[in-house]
Amino acid sequence: MTAPTGHAALFERAERVTPGGVHSPVRGFGRVGGTPVFFARGRGAWLIDVDGREYIDLCQSFGPLILGHANPDAARAAHAAIDDGWTFGTTEPYSLALAEWITTRVPWAERIRFVSSGTEAVMTALRVARAATGRARILKFEGCYHGHADAVLVQAGSGLAGATAASSAGVPPSAFRDTLVASLDEEDDLMRLIDATGHDLAAVLVEPLPANHGLLPQRPAWLARVAELARACGALLIFDEVITGFRMGVGGLAGRTGIRPDLVCFGKVIGGGFPVGACAGRADLLDHLAPTGPAYQAGTLSANPVGMRVGLVTLEKVEACDGWRRLEVRTTAFADRLRAAFASRRADLHVTREGSIFWIHTGDADPIRRPDRIPPSHADWFARFFHAALRRGVYLPPSPYEVGFVSLAHDDDTLGLAAERLAAAAAEADT
Ligand SMILES: *Cc1c(COP(=O)(O)O)cnc(C)c1O
């Protein structure tokens with residue numbers, strides 16, 4: 001489990017100047033043990049560490065890199081943007097091009113406001129919902145992640161449905177007093193909660209495909225019911241598609257399910273790996289934002305031209321090569337190979353896959369739809385599996401609860417090799 005001394009030495013230095021040695025918690029190896037690997041370069045499906053060792057990268061920066069690392073067309077767009085000056089703080093044609101590309105393809109995104117992260121996209125959507133409804137409360141679901149803003153960094157408490165507890169220190173009760181939490185894949189408590197609070201509910205916020213606490217596919221009928229209950233009490237439906245937007249097809253989960261949100265949050269793929277997020281939705285709702293309306297929202301570097309130009313090239317390329325379908329075909333074959341290899345080893349090892357997102361987990365064969373159905377023992381198994389894979393040159397997200405991503409740079413040969421290595425890693429993890 002010990003990383004080469006070079007990595008350990010770098011990590012020791014990093015820990016001295018940065019909390020935990022990382023700038024985002026999941027980059028640390030807290031969940032899997034050992035010392036994080038320092039990577040120097042990325043190329044297509046591969047990450048290359050500071051010692052020149054190559055790993056098949058199935059994390060892809062947690063999702064944004066749908067074309068893989070350092071795609072040449074995306075790199076050209078980035079270079080061109082740098083040559084032209086990288087921020088103006090003015091109106092410019094690049095965000096206009098991306099906004100038009102998106103709004104012509106995603107009918108429920110009539111207007112769009114660009115921000116710099118998924119967290120900001122959710123903050124903006126909540127502000128719009130509260131401004132538009134004049135109501136204070138929001139409802140979210142346990143196991144859904146919506147970024148690190150105070151009001152959404154909560155989970156259901158151990159008590160009654162609807163009781164909430166912060167999932168972070170530094171979040172005062174006053175910050176989430178208006179946040180209600182319900183369970184995924186459950187209707188009765190949800191109905192009771194909405195009955196009791198619906199008159200003051202501004203929005204129901206959901207990851208339509210929860211992908212931040214394992215991959216927890218929801219029943220389409222349940223999602224439709226959530227939408228119906230939200231509408232019935234006059235709350236807005238917000239889909240947080242920061243992971244799924246432009247990953248699960250151009251329309252994300254809304255496109256796949258036919259359920260139309262009032263507001264939708266984007267991030268990750270939309271910027272092709274640069275810091276871009278967006279809040280989009282009905283024109284009458286978005287027009288509550290300043291300067292049209294009274295709901296203030298701003299950003300010095302919002303709609304940064306580098307991110308706008310790389311984001312547009314990324315989306316154009318995926319669309320032009322029928323990329324979403326190709327990704328689905330490849331990832332299906334990859335998951336099937338893994339399942340076949342795992343089946344001969346142990347009956348409780350599964351691959352849940354949706355589009356080009358996958359999650360390798362122990363537990364039930366039926367899709368796990370709620371965090372409390374993940375067996376507690378999964379974490380220990382995953383830590384062994386992760387390091388066995390890492391030794392074989394496969395980089396998985398370093399957490400039992402983070403999902404993996406396939407990019408268009410992962411061709412069938414690379415995925416075949418990854419499957420072989422992961423099968424061997426699974427064998428080692430059980431011994
Ligand atoms: C990643 C993610 C966020 C937060 O986005 P950041 O860019 O990390 O702030 C919010 N919601 C969902 C569903 C996400 O996957």
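Starting from 1, each residue takes its place in the sequence as its number. Not measured: the values here are computed from a predicted model.
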**Q** Do S377 and D380 have side-chain N/O donor and acceptor atoms under 3.5 Å apart?
**A** no
**Q** With the threshold set at 4.0 Å, does a side-chain nitrogen-carboxylate oxygen contact exist between E228 and R231?
**A** no
**Q** Say you draw a straight line from CG of L236 to CZ of R282; how long is it, rounded to the nearest 0.5 Å?
**A** 6.0 Å
**Q** Classify the ring geometry of W359 against H361: parallel below 30°, tilted from 30° to 60°, perpendicular beyond 60°.
**A** parallel
**Q** How long is the gap from OG on S61 to NE2 on H69, to the nearest 0.5 Å?
**A** 7.5 Å
**Q** Test of understanding: with salt bridge (charged side-chain N to carboxylate O under 4.0 Å, His left out), list the residues that count as partners of R392, not counting sequence neighbours.
**A** E428
**Q** Could you give the distance from CD1 (I360) to CG (L215), rounded to the nearest 0.5 Å?
**A** 11.5 Å
**Q** Looking at K140 and A151, would you say the former's side chain and the latter's main chain have a donor-acceptor pair under 3.5 Å?
**A** no
**Q** Check whether more than 12 heavy atoms from other residues, nucleotides or ligands sit under 6.0 Å from atom CZ of R127, and answer yes or no.
**A** no
**Q** Say you draw a straight line from OG of S407 to CG of L327; how long is it, rounded to the nearest 0.5 Å?
**A** 7.5 Å
**Q** Could you tell me whether a side-chain N or O of R330 sits under 3.5 Å from a main-chain N or O of L408, the two making a donor and an acceptor?
**A** yes
**Q** Determine the interplanar angle of the F386 and F382 rings, folded into 0 to 90°, and report it as parallel if under 30°, tilted if 30 to 60°, perpendicular if over 60°.
**A** tilted
**Q** Taking all atoms of both residues into account, what is the closest heavy-atom pair of H7 and F38, and its distance?
**A** ND1-N, 2.8 Å
**Q** For the residue pair F39 and Y395, does the interplanar ring angle fall in the parallel (under 30°), tilted (30 to 60°) or perpendicular (over 60°) class?
**A** perpendicular
**Q** State plainly whether the residues R353 and E328 are in salt-bridge range, i.e. N to O under 4.0 Å.
**A** yes
**Q** Counting neighbours of CZ on R41 that are heavy atoms of other residues, nucleotides or ligands and sit closer than 6.0 Å, is the number greater than 12?
**A** no
**Q** Work out which heavy atom in R130 is nearest to a heavy atom in A202; give both atom names and the distance.
**A** CG-CB, 3.9 Å
**Q** Quick check against the 3.5 Å criterion: does E207 have a side-chain atom that pairs as donor or acceptor with the backbone of Y145?
**A** yes
**Q** If we ignore hydrogens and angles and just use 3.5 Å, is the side chain of R137 paired with the main-chain N or O of T179 as donor and acceptor?
**A** no
**Q** Working to the nearest 0.5 angstrom, can you tell me the gap between R326 CZ and T331 OG1?
**A** 12.0 Å
**Q** Can any side-chain N or O of T103 pair as donor or acceptor with the backbone N or O of A109 at less than 3.5 Å?
**A** no
**Q** Using modelled atom types and a 3.5 Å cut-off, is there a donor and acceptor pairing between side-chain atoms of D262 and backbone atoms of L237?
**A** yes
**Q** Can you give me the closest heavy-atom contact between A121 and C279, atom names plus distance?
**A** O-CB, 3.9 Å
**Q** Does E54 reach the side chain of R43, with side-chain heavy atoms less than 4.5 Å apart?
**A** no
**Q** Is the side chain of Q218 donor-acceptor paired with the backbone N or O of W222 at a distance under 3.5 Å, no angle test?
**A** no
**Q** Using a cut-off of 6.0 Å, state whether more than 12 heavy atoms not belonging to R346 lie near its atom CZ.
**A** yes
**Q** Is there a side-chain contact between P275 and S117 in this structure, where contact means two heavy atoms from C-beta onward sitting under 4.5 Å apart?
**A** no
**Q** The test is side chain to side chain donor-acceptor pair (under 3.5 Å); show your working for R113 and Q297 and say whether it passes.
**A** CA-CA 9 Å; R113 168 68 56 91; Q297 185 279 330; 2.8 Å; yes
**Q** Return the CD1 to CG distance between I48 and D57, rounded to the nearest 0.5 Å.
**A** 10.0 Å
**Q** Treating H350 as the side-chain partner and G363 as the backbone partner, does any N or O pair qualify as donor plus acceptor under 3.5 Å?
**A** yes
**Q** If only atom types and distance count, is the side chain of D49 paired as donor or acceptor with the main-chain N or O of R53 below 3.5 Å?
**A** yes
**Q** Got a list of side-chain donor-acceptor pairs under 3.5 Å for residues 303-317, not counting sequence neighbours?
**A**
unit_1: N304; atom_1: OD1; unit_2: V306; atom_2: N; d: 3.0
unit_1: N304; atom_1: ND2; unit_2: W86; atom_2: O; d: 3.0
unit_1: R309; atom_1: NH1; unit_2: D84; atom_2: OD2; d: 3.0
unit_1: R309; atom_1: NH1; unit_2: Y94; atom_2: OH; d: 3.3
unit_1: R309; atom_1: NH2; unit_2: D84; atom_2: OD2; d: 3.2
unit_1: T314; atom_1: OG1; unit_2: V310; atom_2: O; d: 2.7
unit_1: K317; atom_1: NZ; unit_2: D73; atom_2: OD2; d: 2.5

**Q** Identify all side-chain donor-acceptor contacts of residues 12-31 below 3.5 Å with residues at least two apart in sequence or on another chain.
**A**
none

**Q** Are the charged groups of R339 and D336 less than 4.0 angstrom apart, N to O?
**A** yes
**Q** Ignoring hydrogens and angles, tell me if any N or O in the side chain of H410 forms a donor-acceptor pair with the backbone of F405 under 3.5 Å.
**A** no
